[in-house]
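Step one of this worksheet: look at the structure below.
Just so we're on the same page: letters track the sequence lines, and every chain starts at 1.
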Amino acid sequence: MTIRVQFWSYFKDLTGCADLTEELPEGSTVHDLLKRLHAHHPKLAAMQNSTLIAVGVDYQGRSHVLRDGDEVSLFPPVQGG
Amino acid sequence: MTIRVQFWSYFKDLTGCADLTEELPEGSTVHDLLKRLHAHHPKLAAMQNSTLIAVGVDYQGRSHVLRDGDEVSLFPPVQGG
Amino acid sequence: MKHQLTLTPGAIDEPALIAARQMSAGMGAAVYFSGVVRGSEEDQTISAIEYTAFAQMVERQFHLIFDQIEKRWPIESLRIVHRLGVVKVNEPSLWLEVVAPHRGEAFAAGQFLIDEMKRTVPIWKKPLP
Amino acid sequence: MKHQLTLTPGAIDEPALIAARQMSAGMGAAVYFSGVVRGSEEDQTISAIEYTAFAQMVERQFHLIFDQIEKRWPIESLRIVHRLGVVKVNEPSLWLEVVAPHRGEAFAAGQFLIDEMKRTVPIWKKPLP
């Protein structure tokens, strides 16, 4: 299945990338996606304790099961106001 | 000594009076003044648990010793805002 | 701490007050409160509230509150306007501005000011039918 | 509960927003908050902050907060404006209005909205020297 990934704020600088596409086996979770991304982007791996994850426009945890076509967003802590 | 007394808010209606003057012996307290006022204005006596008292522009308790020329204000709980 | 207290029989012009805001570069928060006359008082429909005040004592008591605020929080400025006389339903009778470095102290000081005002500042209201 | 959310690259016109206030006769309190860009960030002097946002998610997350507020407090209306792009020092980046029957719930809901926003709404800031 195909998952689109977007990076926000300084995560774009850490990865040198605004968005990318990953192909993952059916039944993969957010955790599986992160493992794949961390392998290519070690600076992102270093931020994993302060990484927020959304699927579509809702926050999701590492165990959330992805579906074909999902858009996953990764970003640092928010700072509005 | 001469004490000027002012009533505020509906205390004017209770007493039928905006201000008055009392002659009291030297050393009299707010409590002594209230006794005198309550004798003439029984409706004011009935309000004594919710009466606020200022001498000049500062709140004072019943035991405060008055001085010649003091201006004493009596009023119900305040309600600004 | 700068402070400005106004007792006025005239309407409170909130947009003009906001436009006159002064804030130094270290300040990050401005909290405002508008207290507006409601259409009922103890279940009775009313048209307005008449406010009366012991004006000299109002000044004194507000300044005592300002002193307490200055000791507790790093507020840069406080402005407060209270109307006197007849204030119609839906019009503000009280307007307040607190300017501070951060929102926490601005909200805290604003609420403290109103709570203390309602306890000590000699203003009274009379609902008009 | 009425609510209005605006994300805008343009300046926040506070006097115009205040002048557009709508309040029914049962409402007695309007609380406003203006969050203003300070001249320093972590001890560095700055000239502005650049705000970026994941706009669709911002909307979703604000609406989740509005739902919580509606369940907790009898708020009549909420308006919130957040600027995006470059906001200079001393200009507001955030403006908020809460209209409620009484001040307690208006202050509580306003503070809750800001606290939750800072936890969940995907807006980020970058200080500019």
Task: Heavy-atom side-chain contact between S24(C) and E76(C) under 4.5 Å - done: yes

Task: Nearest-0.5 Å distance, CG of residue N90(D) to CE of residue M27(C) - done: 10.0 Å

- [ ] Could you tell me if the ring centre of F33(C) sits under 6.0 Å from that of F107(D)?
- [x] yes

Open item on the list: Is any side-chain heavy atom of R103(C) closer than 4.5 Å to one of V31(C)?
Closed with: no

Task: I75(C) to E105(C) - nearest heavy-atom pair and separation - done: CD1-O, 3.7 Å

TODO: Might you point out which heavy atoms bring A48(C) and V86(C) nearest each other, and give the distance in Å?
DONE: CB-CG1, 3.7 Å

Task: Neighbours of chain D found in residues 49-72 of chain C - heavy atoms under 4.5 Å - done: none

Open item on the list: Counting only non-hydrogen atoms closer than 4.5 Å, can you tell me which residues of residues 2-23 of chain C sit against chain D?
Closed with: E14(C), P15(C), I18(C), A19(C), R21(C), M23(C)

TODO: Compare all side-chain heavy atoms of V36(C) with those of E91(C) and state whether any distance is below 4.5 angstrom.
DONE: no

Task: Residue part contacting chain C, namely of V89(D), when any heavy atom lies under 4.5 Å - done: side chain

Open item on the list: Under 4.5 Å from any heavy atom of chain C, what part of K88(D) do you find: side chain, backbone, both or neither?
Closed with: neither

Open item on the list: Once side-chain contact (heavy atoms from CB on, under 4.5 Å) is applied, do any residues pair with A108(C), and if so which ones, sequence neighbours excluded?
Closed with: W73(C)

Open item on the list: Using side-chain heavy atoms (C-beta onward) and a distance below 4.5 Å, is P122(D) in contact with W124(D)?
Closed with: yes

- [ ] Among G39(D), G28(D), S93(D), single out the residue with the greatest number of heavy-atom pairs under 4.5 Å to chain C.
- [x] G28(D)

Open item on the list: I want to check something: taking the side chain as every heavy atom from C-beta on, are D115(C) and R119(C) in contact at a cut-off of under 4.5 Å?
Closed with: no

Task: Positions in residues 94-102 of chain C that reach chain D, provided some heavy atom is under 4.5 Å away - done: P101(C), H102(C)

- [ ] Begin from the C-alpha positions of E41(D) and K126(D) and carry the test side-chain contact (heavy atoms from CB on, under 4.5 Å) through to its verdict.
- [x] CA-CA 10 Å; E41(D) 188 84 1; K126(D) 184 178 167 183; over 6 Å; no

Task: chain D interface, residue from S34(C), G26(C), A25(C) that has the most non-hydrogen pairs under 4.5 Å - done: S34(C)

Task: L128(D) vs I46(D), side-chain contact (heavy atoms from CB on, under 4.5 Å): CA-CA, chis, key distance, verdict - done: CA-CA 6 Å; L128(D) 302 180; I46(D) 64 169; 6.0 Å; no

